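What follows is one structure encoded as structure tokens, with my remarks underneath.
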Amino acid sequence: MAKNFDFLGRDVVSIRDFKRDQLEHVFESVDALEKKPKSLDAGLQGKMVALLFFEPSTRTYSSFQIAAENLGLKVSGFSNVAASSVSKGETLYDTIKMFEGYETDCFVIRHSMMGSARFAAEATDVPVINAGDGSREHPTQAMVDLYSIRRDFGKLDGLKIGVLGDLKYGRTASSLAYALSNYDVEICFIAPDALQIRPEVELFLNQRGTRFSRETSLATVANTLDVLYVTRIQKERIPDPTEYERVRGLYQVNLETLREAKPSLKVFHPLPRVDELASEIDGTEFARYFNQAAVGLPLRMALLNMVIGGAD
Ligand code: NCD
């Protein structure tokens with residue numbers, strides 16, 4: 001197997017660290033896997049990945065777990081903090097050092113603290129994959145999102161992409177915006193003022209010369225979009241419960257709000273959804289979110305294969 005040293009042993013902490021050709025390389029590797037899923041002999045038998053999930057997760061944890069098992073990796077770690085020594089006060093640093101001692105070959109870490117993945121990557125020479133650090137980033141979700149959009153449209157360049165919801169506390173929205181800055185797209189951030197995209201993301205997009213605008217209502221732009229990426233309000237990250245009460249229910253995507261949309265519009269959502277995306281959309285041609293979630297598996301297989309095995 002040819003080794004791809006671009007990814008071998010590499011940390012995946014921020015999607016900002018990945019340029020267009022590297023993202024394309026990941027996507028091509030997923031394409032290859034999707035075409036011939038059984039052909040993969042990753043040569044990773046006996047290696048180990050530690051999944052350290054300090055925050056709840058359904059899709060990210062289980063897709064990493066299944067991906068690792070499909071590659072023949074041993075899986076260790078925890079998804080239930082209450083049942084681990086973290087509940088006794090063990091620190092992230094000590095937890096990493098522990099699993100380093102057990103000779104893990106890769107860490108996948110989700111933690112509520114912004115910057116925790118970077119902190120972890122500095123604490124160990126073993127590659128660290130960020131599975132979500134507070135409201136900051138979720139790089140593998142951004143890869144899933146881009147891959148899904150690219151698969152549906154056959155391209156990313158030229159698309160107008162609306163990103164709706166809690167853009168302030170949601171990490172998927174910021175990672176998606178960073179990733180899209182590698183392409184010739186137009187982004188429209190749609191959110192109530194209190195939940196608009198963070199200044200650091202705007203600054204980054206300005207530096208990259210990415211075209212973007214801000215809107216408070218979907219209605220004004222719905223008919224111009226190719227893609228609508230919906231996110232839930234991150235209740236657990238809003239520091240003040242009265243602030244949450246003020247913003248909850250401020251937006252919902254349903255058939256009525258999509259009345260003016262292009263028939264070719266595709267709706268994505270990183271999931272879980274709460275009440276911001278009506279289930280009446282599920283049976284329509286707009287809905288792509290369950291297909292998007294399914295991409296999590298081959299994409300994380302491809303990525304683990306590249307990071308641990310150096311696969312091309
Ligand atoms: C997201 C997350 O954890 O940031 N979920 C996911 O990984 N697909 C989105 C969310 O929790 O709203």
Side-chain angles (χ1 to χ4, degrees), residues 12-16 30 51-68 77-81 107-117 128-149 163-180 189-192 195-198 201 227-239 244 247-253 267-279 287-301 303-304:
V12 183
V13 168
S14 168
I15 198 72
R16 285 169 297 176
V30 185
L51 307 182
L52 310 185
F53 277 59
F54 295 81
E55 267 197 335
S57 174
T58 301
R59 273 150 296 276
T60 309
Y61 185 88
S62 42
S63 59
F64 264 115
Q65 181 185 26
I66 301 165
F78 51 84
S79 59
N80 179 3
V81 165
F107 285 103
V108 179
I109 299 179
R110 169 171 288 195
H111 198 286
S112 60
M113 229 170 53
M114 286 197 277
S116 49
V128 170
I129 299 179
N130 180 4
D133 64 327
S135 16
R136 190 166 285 172
E137 279 227 46
H138 195 344
T140 66
Q141 181 67 43
M143 291 177 183
V144 169
D145 299 339
L146 255 62
Y147 181 85
S148 306
I149 300 171
V163 187
L164 168 75
D166 182 352
L167 313 182
K168 181 173 181 182
Y169 297 105
R171 52 195 173 202
T172 65
S174 27
S175 279
L176 175 66
Y178 293 143
L180 286 172
F189 296 114
I190 310 155
L195 299 179
Q196 258 297 357
I197 196 80
R198 298 190 300 275
V201 182
V227 168
L228 178 61
Y229 185 91
V230 187
T231 63
R232 75 177 169 98
I233 295 186
Q234 307 279 301
K235 181 181 178 189
E236 70 278 26
R237 298 192 208 290
I238 297 185
Y244 172 69
V247 291
R248 68 182 290 195
L250 275 183
Y251 59 93
Q252 196 202 37
V253 176
V267 177
F268 295 86
H269 191 308
L271 302 176
R273 67 174 149 180
V274 187
D275 50 13
E276 68 286 347
L277 178 58
S279 55
R288 297 304 294 156
Y289 27 93
F290 291 119
N291 305 68
Q292 174 191 6
V295 164
L297 178 58
L299 191 130
R300 290 178 173 119
M301 275 178 77
L303 192 65
L304 286 173

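The model shown is predicted, which means the values in this text are computed figures rather than measured ones. Atoms within a ligand are numbered from 1 in the order they appear, just like the ligands themselves.
- The distance from ligand 1 to the heavy atoms of Thr60 drops below 4.0 Å at these ligand atoms: 6 (C), 7 (O).
- Contact atoms of ligand 1 toward Arg232: 10 (C), 11 (O), 12 (O) (distance under 4.0 Å to a heavy atom of the residue).
- The residue Thr231 has no part lying near ligand 1, judged by heavy-atom distances below 4.0 Å.
- Selection from Glu236, Gln141, Arg171 by nearest heavy atom to atom 3 (O) of ligand 1 gives Arg171.
- Judged purely by atom type and a 3.5 angstrom limit, Ser175 has no side-chain atom pairing as donor or acceptor with the backbone of Glu137.
- With Phe64 as the aromatic partner, Arg300 meets the cation-pi criteria of under 6.0 angstrom to the ring centre and within 45 degrees of the ring axis.
- Between Val227 and Val163, the closest side-chain pair of non-hydrogen atoms is not below 4.5 Å.
- Looking at Glu55 against ligand 1, nothing comes within 4.0 Å, counting heavy atoms.
- Using cut-offs of 30° and 60° for the angle between ring planes, the His111 and Phe54 rings count as tilted.
- Ligand 1 places these atoms under 4.0 Å from at least one heavy atom of Leu271: 1 (C), 5 (N), 6 (C), 8 (N), 9 (C).
- The residue from Gly165, Pro270, Ala131, Pro272 that puts a heavy atom closest to atom 8 (N) of ligand 1 is Pro270.
- In this structure, Glu276 contributes its side chain and Ile233 its backbone to no donor-acceptor pair below 3.5 Å.
- Looking at Gln292 and Asp145, their side chains do bring a donor and an acceptor atom within 3.5 Å of each other.
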